[in-house]
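Input: a single structure, listed below in structure tokens.
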Amino acid sequence: MKITKDRVLKDYNKLVLLAEKLFEKKQYERTAVVIKTAALLMYNFNIIYTDERLESLLHKIAYVYIPQLATEKADKTVLFYDWWCWETRGLSNIYIKALVANGYKVIVVTQEYNKKNTDWLLDLLGEQGCIEFYNAKSSYKAQLENLSAIYNKHKPSFAFFHSMPNDVTGCAFFAKIPCTRYQINLTDHAYWLGATCLDYSLEFRDYGYTISKNHRHIPEEKLLVLPYYPVHKRVAADSMKDFFEAHKNIVFSGGSLYKIAGSPVFFEIASYILDTYKDATFVFIGGGNPENINNFIFQKGYQDRFFYFAERPDFEDFIRRSKFFLCTYPIMGALMNQLAVINGKIPLCYNPNMDDIARDGDNESLFIDTGHNPVMSYKTLDGLKQEIDRLFTDSNYLSQKEKQLEGMIISESDFSEQVKSILETKSKKYHGHERKLDLEEFAQIYIDAENNTNRQYNLIFAQTKSLVIYRHFPIQCFLGLATVMKRRILK
């Protein structure tokens with residue numbers, strides 16, 4: 001049974017109404033589970049970007065579960081709520097580094113599961129902060145009581161939120177804490193909970209700025225724009241020496257595989273490159289369901305020329321050895337494009353709506369305008385192919401464009417200075433610009449990807465392992481469990 005917009009909205013609204021009824025019955029734990037499920041469902045399809053009904057429930061849960069919070073504030077103390085504790089993914093590393101550099105005491109709050117991932121964080125904090133853990137597997141009541149005790153212990157003046165789009169615990173916590181709250185808008189292209197649980201939203205590009213203003217309905221004065229720089233490590237791909245010896249003319253691409261699942265265009269471009277330049281090799285590195293990419297390789301007979309690898313720590317070595325980076329399509333990434341630039345490689349993008357409608361493929365707004373930025377995005381496939389041809393055949397032209405990449409990523413010192421300004425004066429060096437967005441088309445891309453490859457829809461329900469979800473969505477849960485069993489058998 002194919003997924004449609006109407007079906008997504010029907011199930012989503014059923015979840016929201018169920019959450020409201022459960023809250024009225026004072027079944028608060030179940031309410032939280034259903035809110036989390038509804039948010040995850042909408043995050044996967046992005047038909048809407050916020051929901052007043054769920055936002056209201058977050059505040060009500062906070063009122064019921066969170067005890068009295070200290071109103072006094074410790075000077076220059078920041079609570080940094082971080083779900084993942086990633087060192088190189090996400091934005092926590094650079095924000096915490098900036099806060100420490102500006103003399104702030106940083107209290108990182110994260111789930112106990114991350115204890116094994118915090119060595120880098122302890123080194124970064126030094127004596128200027130600490131890490132507090134809470135049990136994310138305990139009841140929502142226990143989680144919020146634990147977080148409240150941490151808050152009362154440190155009495156922060158500021159709090160930063162860096163978490164999942166469906167983090168009910170974190171959003172309810174931020175709904176009530178009496179300090180200045182900043183949401184780091186990591187997944188700016190997508191639906192997330194908590195639009196009413198912040199004082200300021202930190203945006204990194206025009207696309208997210210426009211969605212937050214017009215579709216999350218966050219007032220413009222609460223939107224602060226700050227580009228970011230990627231954290232990268234120069235890990236050598238030593239195990240691939242023979243591969244690099246055999247393949248000298250590499251085109252690289254990468255990112256989550258769902259970003260190339262909703263359209264055949266990415267594969268058409270890859271085919272053009274491999275069919276036109278017989279010495280070329282294509283490498284894609286990323287996570288997700290590789291079904292579509294493996295089918296493409298075998299159908300085209302590219303087993304010796306198109307190579308797919310799962311996520312690996314040495315992927316930047318592939319970027320550095322490539323001719324250029326081909327952006328994913330129909331959904332463009334952000335971090336991978338920036339990593340291409342920081343490694344001196346051009347992120348080449350196909351964007352048919354350029355200069356007309358910006359979607360999550362607005363490559364140019366990821367970077368600082370230096371006055372000499374190279375052209376990186378092309379409105380037509382013919383234009384893109386002509387640029388590919390020139391990059392392959394004119395080494396001087398390629399070198400010239402690579403030199404123009406210098407200065408397009410915000411420096412660490414500038415980023416640190418802007419974080420200080422945001423906290424102390426709310427002054428802004430960078431400003432957002434509204435863009436015309438075709439969000440109907442964007443949502444359809446996700447629906448097409450689900451029907452063509454992803455097949456995650458029923459898993460959203462089944463993986464809750466919640467009796468209340470199983471009772472109200474039996475078919476989805478049964479089909480989801482069947483999918484899990486099928487995948488285990490195929491493995």
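Quick note: numbers below take in every heavy atom, side chains included, and nothing from hydrogens, waters or symmetry partners.
Side-chain polar atoms of Asn135 and Gln111 form no donor-acceptor pair below 3.5 angstrom. Using modelled atom types, one finds no donor on one side chain facing an acceptor on the other under 3.5 Å when comparing Asp188 with Ser212. Side-chain contact check for Asn363 and Asn351: no donor-acceptor pair (N or O, by modelled atom type) lies under 3.5 Å. For Thr196 and His59, the side-chain atoms include at least one donor-acceptor pair closer than 3.5 Å. There is a side-chain donor-acceptor pair under 3.5 Å between Asn185 and Glu203. Donor-acceptor pairing under 3.5 Å is recorded for the side chains of Glu316 and Asn343. With 3.5 Å as the limit, one finds no donor-acceptor pair spanning the side chains of Asp82 and Thr110. Checked by atom type, the side-chain pair Thr425/Ser427 shows a donor-acceptor distance below 3.5 Å. Using modelled atom types and a 3.5 Å distance limit, the side chains of Tyr49 and Asn214 yield no donor-acceptor pair. Between Tyr430 and Tyr209, the side chains place no donor N or O within less than 3.5 Å of an acceptor N or O (distance only, hydrogens not considered).
For the pair Lys25 and Tyr28, the cation-pi test (distance below 6.0 Å, angle within 45°) is failed. Taking the centre and axis of the six-membered ring of Phe473, the NZ or CZ atom of Lys14 falls inside the cone set by 45° and 6.0 Å. Note that Arg312 lies in the cation-pi zone of Phe309, set by a 6.0 Å cut-off to the ring centre and a 45° limit from the axis. Judged by the 6.0 Å distance and 45° axis criteria, Lys222 is not positioned over the aromatic ring of Tyr200.
Enclosure of atom NZ in Lys10 is not indicated, since only 12 or fewer non-hydrogen atoms of other residues, nucleotides or ligands lie within 6.0 angstrom.
Aromatic pair Tyr457/Phe45: ring centres closer than 6.0 Å. Taking the centre of each ring, Tyr191 and Tyr43 stay at or above the 6.0 Å mark.
Here the closest non-hydrogen pair linking Ala172 and Ile66 is O-CD1, 3.5 Å. What you find for Pro230 and Leu335 is that their closest heavy atoms are CB-CD1, 3.5 Å. Contact detail for Val235 and Asp317: the closest heavy-atom pair is O-CB, 3.8 Å. Ser365 approaches Arg205 most closely through the heavy-atom pair OG-CB, 3.6 Å. Heavy-atom minimum distance, Leu58 versus Cys171: CD1-CB, 3.8 Å. Considering all non-hydrogen atoms of both residues, Phe133 and Asn146 come closest at O-ND2, 4.0 Å.
Summarising the geometry, atom CG belonging to Leu459 is positioned 10.0 Å from atom SG belonging to Cys477; distances are rounded to the nearest 0.5 Å.
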Checking Tyr228 against Tyr95 for the side-chain contact (heavy atoms from CB on, under 4.5 Å) test, could you report, in this order, the C-alpha distance in whole Å, the side-chain angles of both residues, the deciding distance, and whether it holds?
CA-CA 9 Å; Tyr228 66 86; Tyr95 271 96; 5.7 Å; no

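Side-chain contact between Asn451 and Ile447 is present, with heavy atoms from C-beta onward closer than 4.5 Å.
Test Lys141, Gln143, Glu29, Glu145 against Tyr65 for side chain to side chain donor-acceptor pair (under 3.5 Å) and you get one pass: Glu29. Exactly one of Tyr81, Trp83, Trp84 qualifies for a ring-ring contact (aromatic ring centres under 6.0 Å, His included) with His162. That residue is Trp84.
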